[in-house]
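Presented below is the structure to which this report refers.
Whatever order the structure lists them in is the order used to number ligands and atoms, beginning at 1.
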Amino acid sequence: MKSLNVQMTNEVAEALKSGKPVVALESTIISHGMPYPQNYEMALAVEEQVRSHGAVPATIAIIDGVLRAGLSKSEIESFAKKGMQITKVSRRDIPMIVAAKKDGATTVASTMIIAELAGIRIFATGGIGGVHRGAEQTMDISADLEELAQTNVAVICAGAKSILDIGLTLEYLETKGVPVLGYQTSELPAFYTRESGFKVDANVETAESIAEILQAKWNLGLKGGVVIANPVPKEYSLDFKEMEKVISNALAEMNEKGIKGKDSTPFLLGKVKELTAGKSLETNIQLVLNNAKLAAQIAVAYAAK
Ligand code: PSU
Ligand code: MN
């Protein structure tokens, strides 16, 4: 029997072998998170951002049933162009996609799994999944949270979107023992906005200090991930009150239409984009770039330990 295998580009494999910093990137954000061609341009710009801050980017996906770390430009373009036609793959979907030798866009959860298998500890994205509003009834809780509980990868994000119940998401992470760090902030950002009304567990000032916390956690054998929340740059942040209104309209329409399960997040993301007349797309792109930069700096500091 063959053991689980991640196919890497030479660049990623060599960087990992020689202990150089590597940053994992997800592919659901490409296929399901943004429209073409902005998604393609974003994916390339994010890779460039990681490189220019001294680390090697490894965009993660499943192609023809093979777990992959590091994609070619044309593979990224194909994921960007096919968009929603590419299956969104979280932990539970991996076996079916691999067995059927299909393509899959990886979420935070499945990107963490593949990153860990490849030996990558640092991962940059936009926002994590979480506990959905109304989860007391629907039990819609993203598999991202369970993955953070068990997989040793740090996720640099802009917090969680307020399409989610941020308070319950933080409670869940606390129960699962996942540290939530704020980069130069004591407030958890809410993706489009720098504020959410909720506190992080620790405000950490430098990439170096974040790397020390990661090392302390994993050296002690405390398994699981860490959430590193990096607020969107001020000049791109959107108005908190306005976003709350947009999100409550999007949620009302979702409930009316009976949209649930894995379709819920992509529906809400699309609706928010529509209701903010595309303004949210620019914010989304800028915050991902900002996260890629911090992730590269953390990866560089972590690799030097
Ligand atoms: N939040 C965003 N943009 C995204 C996602 C979440 O602001 O693109 C994607 C990520 O891939 C995340 C996934 O892991 O949605 C969570 O989906 P679900 O809630 O179905 O677990
Ligand atoms: Mn869900």
Side-chain angles (χ1 to χ4, degrees), residues 24-35 38-39 42-43 46 59-62 79-80 83-84 86-94 104-115 123-149 151 153 155-166 168-169 172-173 188-193 196 225 227 229-232 236 238 243 246-247 250-251 254 259-273 276 280-291:
L25 302 163
E26 65 155 300
S27 44
T28 289
I29 196 178
I30 304 174
S31 295
H32 293 249
M34 291 178 198
Q38 287 92 340
N39 57 355
M42 177 278 305
V46 166
T59 300
I60 289 186
I62 302 178
F79 269 61
M84 302 284 191
I86 305 253
T87 308
K88 171 180 159 189
V89 172
S90 195
R91 169 178 275 268
R92 64 136 189 226
D93 310 293
I94 294 175
T106 51
T107 63
V108 168
S110 52
T111 301
M112 288 176 74
I113 294 170
I114 298 171
F123 161 26
T125 186
I128 55 167
V131 179
H132 280 259
R133 296 196 196 184
E136 309 88 294
Q137 290 299 321
T138 63
M139 288 186 70
D140 189 352
I141 299 172
S142 175
D144 292 355
L145 300 184
E146 285 294 325
E147 210 55 56
L148 282 158
T151 300
V153 173
V155 182
I156 293 83
C157 63
K161 248 180 220 152
S162 36
I163 58 170
L164 302 171
D165 187 319
I166 294 181
L168 290 187
T169 301
Y172 202 98
L173 289 168
L188 183 75
F191 198 86
Y192 297 118
T193 59
S196 67
V227 173
N230 185 26
V232 59
Y236 297 107
L238 300 180
M243 285 315 292
V246 163
I247 284 161
L251 283 164
M254 181 181 84
I259 292 164
K260 315 193 264 277
K262 72 187 283 192
D263 299 328
S264 164
T265 297
F267 174 82
L268 290 170
L269 298 181
K271 207 69 217 167
V272 166
K273 196 160 55 214
T276 58
S280 63
L281 181 58
E282 177 62 10
T283 300
N284 199 343
I285 292 168
Q286 292 300 330
L287 67 83
V288 178
L289 286 171
N290 192 44
N291 295 342

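- Residues forming a side-chain contact (heavy atoms from CB on, under 4.5 Å) with Ala229 (at least two apart in sequence, or on another chain): Leu188, Pro189.
- On a distance-only criterion, Asp144 and ligand 1 share at least one N/O pair closer than 3.5 Å.
- Note: Ile113 CD1 to Thr151 OG1 = 6.0 Å, rounded to the nearest 0.5 Å.
- Scanning the protein for heavy atoms near atom 9 (C) of ligand 1, the closest one is Thr28 CG2, 4.0 Å.
- Ligand-side atoms of ligand 1 in range of Phe191: 7 (O), range being under 4.0 angstrom from any heavy atom.
- Under 4.0 angstrom from ligand 1, the non-hydrogen atoms of Leu269 all belong to its side chain.
- Side chains of Met243 and Thr276 form a contact here, defined as non-hydrogen atoms less than 4.5 Å apart.
- Under 4.0 angstrom from ligand 1, the non-hydrogen atoms of Thr265 all belong to its side chain.
- Each protein N/O/S atom under 2.8 Å from the Mn ion (ligand 2) was counted, for a total of 1.
- Evaluated for a side chain to side chain donor-acceptor pair (under 3.5 Å) with Glu26, the options Thr111, Thr107, Thr125 yield exactly one hit, Thr125.
- Contacts between Val108 and ligand 1, counted as non-hydrogen atom pairs separated by less than 4.0 Å, involve both the backbone and the side chain.
- Side-chain atoms of Lys88 do not come within 3.5 Å of backbone N or O of His32 as any donor-acceptor pair.
- Of the possible polar contacts, one joining the Thr28 side chain to the Ala105 backbone as a donor-acceptor pair under 3.5 Å is found.
- Of all protein heavy atoms, the one lying nearest to atom 1 (N) of ligand 1 is Gly127 O, 3.5 Å.
- Near His132, with a cut-off below 4.0 Å to any heavy atom, the atoms of ligand 1 are 19 (O).
- Under the 3.5 Å distance criterion, the side-chain polar atoms of Thr59 are left unmatched by any main-chain donor or acceptor of Leu25.
- Taking Ile285 as the reference, Met34, Gln38, Met42, Leu281, Leu289 meet the side-chain contact (heavy atoms from CB on, under 4.5 Å) condition, with sequence neighbours excluded.
- Proximity of a side-chain donor or acceptor of Asp144 to a complementary backbone N or O of Ala109 within less than 3.5 Å is detected.
- Evaluation of the side-chain hydrogen bond (donor to acceptor under 3.5 Å, both in side chains) rule for Lys271 yields Glu253, Glu274 as partners, not counting sequence neighbours.
- Taking distance alone, with nitrogen or oxygen atoms compared against 3.5 Å, Lys161 approaches ligand 1 more closely than that limit.
- Applying the 4.0 Å criterion to heavy atoms of Lys88 picks out, from ligand 1, the atoms 17 (O), 18 (P), 20 (O).
- Residue contacts with ligand 1, taken as heavy atom pairs separated by less than 4.0 Å, involve Glu26 solely via side-chain atoms from C-beta onward.
- Judged by distance alone, the side chain of Asn290 and the main-chain N or O of Gln286 form no donor-acceptor pair under 3.5 Å.
- For atom 21 (O) of ligand 1, the nearest non-hydrogen atom of the protein is Ser142 OG, 2.7 Å.
- Between the side chain of Asn39 and the main chain of Ala80, a donor-acceptor pair closer than 3.5 Å is present.
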